[in-house]
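The structure under discussion appears below in the form of structure tokens.
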Amino acid sequence: ILNVEQSPQSLHVQEGDSTNFTCSFPSSNFYALHWYRWETAKSPEALFVMTLNGDEKKKGRISATLNTKEGYSYLYIKGSQPEDSATYLCAFQIDSLQGGKLIFGQGTELSVKP
Amino acid sequence: NAGVTQTPKFQVLKTGQSMTLQCAQDMNHEYMSWYRQDPGMGLRLIHYSVGAGITDQGEVPNGYNVSRSTTEDFPLRLLSAAPSQTSVYFCASRALIGFPPRYEQYFGPGTRLTVT
């Protein structure tokens, strides 16, 4: 059974704090690692897709790193704002003949207080 | 482009009833999938399709059927609804982009289903 773990499950920070959370995934059969941002009552929106060990991606104040050898990815948010409040999902894409299924973690719920 | 659309947004069923959740995309994506989202469980894959006429099971397929007669549509059928199928259902489609090739996945707005 392939398991994707995210930690922490929830995080409460003050506006302006920087924060980071972790996605752990199997180090074998890796094809890609996806990060999604999921606001309440909306559908998940793609943030990053990373494929190579050592990949770093950045979008505004949000960045992500990837270590495929040890099976983890970090998502960083610099200077958190209330609008960053959301659940952040990671998904491990299997390198398989079955069309590259995504296995999702349970998410990290971020709450940013003004 | 409308992206990925789902209907209905909300549905209440009685145990034993059947229904079809509709999903459509106008991006000409070959890969489509259905997920269910339950508290503490994350998103779990129900069924997926890699193209018209081709479907396969995901992690939690029992109690659901799918078909893919066109590229655009991927309906999910509940054969005999059970309270355990109370969930939020998301349809998604995916495109292969870039080099090395990677998927970018787009989600529909979700269908909230309650089975009493």
Side-chain angles (χ1 to χ4, degrees), chain A residues 1-10 21 23-25 30-55 57 59 64 66 68 73 86-109, chain B residues 2-6 9-10 23 25 27 29-61 68 74 88-112:
Chain A
I1 296 176
L2 296 170
N3 217 26
V4 177
E5 298 284 343
Q6 288 188 247
S7 62
Q9 285 192 342
S10 63
F21 18 95
C23 173
S24 301
F25 52 86
F30 176 87
Y31 192 83
L33 194 283
H34 300 241
W35 280 101
Y36 290 86
R37 181 172 180 275
W38 193 1
E39 288 182 74
T40 303
K42 295 186 178 180
S43 50
E45 291 183 25
L47 282 173
F48 306 114
V49 182
M50 295 184 286
T51 54
L52 299 175
N53 185 44
D55 253 358
K57 299 279 187 182
K59 187 183 286 189
L66 179 67
T68 60
S73 174
T87 296
Y88 292 83
L89 290 173
C90 71
F92 167 76
Q93 182 175 343
I94 300 169
D95 179 15
S96 74
L97 294 175
Q98 294 174 312
K101 289 190 288 188
L102 295 184
I103 307 295
F104 282 85
Q106 294 180 354
T108 292
E109 188 176 351
Chain B
V4 182
T5 58
Q6 288 182 238
K9 288 189 178 178
F10 302 95
C23 174
Q25 52 92 10
M27 297 174 281
H29 291 171
E30 293 293 331
Y31 191 110
M32 295 184 74
S33 50
W34 277 100
Y35 296 87
R36 60 179 287 175
Q37 191 258 327
D38 303 294
M41 302 292 286
L43 285 167
R44 292 184 293 167
L45 183 65
I46 305 172
H47 285 284
Y48 66 99
S49 168
V50 298
I54 307 169
T55 63
D56 206 346
Q57 295 180 351
E59 301 170 70
V60 287
R68 186 94 180 271
F74 189 43
V88 182
Y89 292 85
F90 287 95
C91 178
S93 73
R94 192 189 293 184
L96 200 60
I97 63 167
F99 187 82
R102 64 185 189 274
Y103 283 113
E104 280 203 350
Q105 181 150 291
Y106 302 86
F107 285 88
T111 295
R112 187 174 292 275

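Within every chain, numbering begins at 1; the chains are lettered A, B, ... in the order of the sequence lines, protein sequences first and strands thereafter.
- Residue A:Trp38 holds its CH2 atom at 7.5 Å from CZ of B:Phe107, rounded to the nearest 0.5 Å.
- Applying the side-chain contact (heavy atoms from CB on, under 4.5 Å) criterion to A:Gln9, with sequence neighbours excluded, gives A:Gln106.
- The shortest side-chain heavy-atom distance between B:Tyr35 and A:Leu102 falls under the 4.5 Å cut-off.
- Heavy atoms of other residues, nucleotides or ligands lying less than 6.0 angstrom from CD of A:Glu109 number 12 at most.
- At most 12 heavy atoms of other shown residues, nucleotides or ligands fall within 6.0 angstrom of atom CD in A:Glu45.
- Contacts between B:Tyr106 and chain A at a heavy-atom distance below 4.5 Å are absent for every atom of the residue.
- Listed here is the closest heavy atom pair of B:Gly108 and A:Ser43: O-CB, 2.7 Å.
- For A:Glu5, there are no salt bridge (Lys or Arg N to Asp or Glu O under 4.0 Å) partners, not counting sequence neighbours.
- No more than 12 heavy atoms of other residues, nucleotides or ligands lie within 6.0 Å of CZ in B:Arg112, so this atom counts as exposed by the packing criterion.
- Only the side chain of B:Leu45 has a heavy atom closer than 4.5 Å to any heavy atom of chain A.
- Looking at B:Gln37, the atoms closer than 4.5 Å to chain A (heavy atoms on both sides) all sit in the side chain, from C-beta outward.
- By the 4.5 Å heavy-atom criterion applied to side chains, A:Gln93 and B:Gln105 are not counted as neighbours.
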